[in-house]
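Throughout, protein chains are lettered first and strands after them, A, B, ... in sequence-line order, and every chain is numbered starting at 1.
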Amino acid sequence: MKNDMPTPTHTIPIPTPDGEFTARYSSQGLCALEFPSGMKQRRKEAVTARPAAQVLQWHAATSKSLRLTLAGRPLKAPPPIDLSSGTEFQQRVWQTLRKIPRGRTWSYAQVAQAIGNPKAVRAVGGACGANPIPVFVPCHRVVAANSGLGGFSGGLNWKRALLRREGVTVPD
DNA sequence: TAAGTGCGTCGTT
DNA sequence: AACGACGCACTTA
């Protein structure tokens, strides 16, 4: 069963040296982060009200944290994360991903074991692919057990880049 | 070793 | 009922 999407109250772009990311906020905090899209998708996101002070504060934290991460620096004070869009299973997986130390990688099997569902290896892969907040919910730290990378919604090049920038040596 | 095939498993659509 | 961001056992070169 899928929960209702947290209604994003605000959608705000984040310019970085790697392109323009897009952050979405709900009343609970950051609920989605999108990689720069190749095309200039200038469509208006129907943002009604002007961001409240609360959201602006979160966004400042998001921007700063994102830029630090992209620069290969350890992340300091990330914004509150809203994972309520996921199913029970997905949320369990996503919370677990947040426990993977920076610079380290776990296999999909290890994650499955960590959530107490050792046989749901493939399902874990699915949950990773559905992760709405990459980078902050480090799904890029989950790799295949046989020394290969798995996949990555944002493109494998991003997965490699993120891992390398935090000191992990990965194959081509 | 390296590369390819088949199948169990489980959450999601 | 079908499909994966998997893993493992088991062939073949």
Counting the atoms with a prime plus P, OP1 and OP2 as sugar-phosphate, which does [X] contact under 4.0 Å by heavy atoms, base, sugar-phosphate, or nothing?
X	result
A:F152	base
A:S153	base
A:G129	base

Could you state the atom-to-atom distance from [atom1] of [X] to [atom2] of [N] in whole Å?
X	N	atom1	atom2	answer
A:Q91	B:dG11	CD	P	15 Å
A:N146	B:dG4	CG	C1'	13 Å
A:Q113	C:dC6	CD	P	18 Å
A:R92	B:dC10	CZ	P	13 Å
A:L149	C:dG7	CG	P	12 Å
A:K119	C:dC6	NZ	C1'	15 Å
A:L163	C:dA5	CG	C1'	13 Å
A:Q110	C:dC8	CD	P	11 Å

Side-chain-base donor-acceptor pair under 3.5 Å for A:R122 and B:dG8: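 Side chain to base: pair present.
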
Return the nearest nucleotide to the side chain of [X]; candidates are [options].
X	options	value
A:A144	C:dG7, B:dT12, C:dA5	C:dG7
A:A123	C:dG7, B:dT12, B:dG11	B:dG11
A:C128	B:dT12, B:dG11, C:dA5	C:dA5

Any A:N117 side-chain nitrogen or oxygen under 4.0 Å from OP1 or OP2 of B:dC10: no

Backbone of A:A32 reached by a side-chain donor or acceptor of A:R24 within 3.5 Å: no

Ring centres under 6.0 angstrom apart (A:W158, A:F152): no

Pair A:W58 and A:F136, ring centroids less than 6.0 Å apart: no

A:E166 bridged to A:R104 by N-O distance under 4.0 Å: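 Salt bridge: no.
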
Nearest non-hydrogen partners of A:Y108 and A:G150, listed with the distance: OH-CA, 3.5 Å

Test log, rule side chain to side chain contact (heavy atoms under 4.5 Å, CB included), inputs A:L163 and A:L149: CA-CA 10 Å; A:L163 285 174; A:L149 294 180; 4.1 Å; yes

Dot-bracket pairing map - DNA chain B, Watson-Crick plus G-U, both contacts under 3.5 Å, | cross-strand: ||||||||.||||

Qualifying residues under side-chain contact (heavy atoms from CB on, under 4.5 Å), relative to A:A61, sequence neighbours excluded: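 If we apply the side-chain contact (heavy atoms from CB on, under 4.5 Å) test to A:A61, skipping adjacent residues, the hits are A:P79.
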
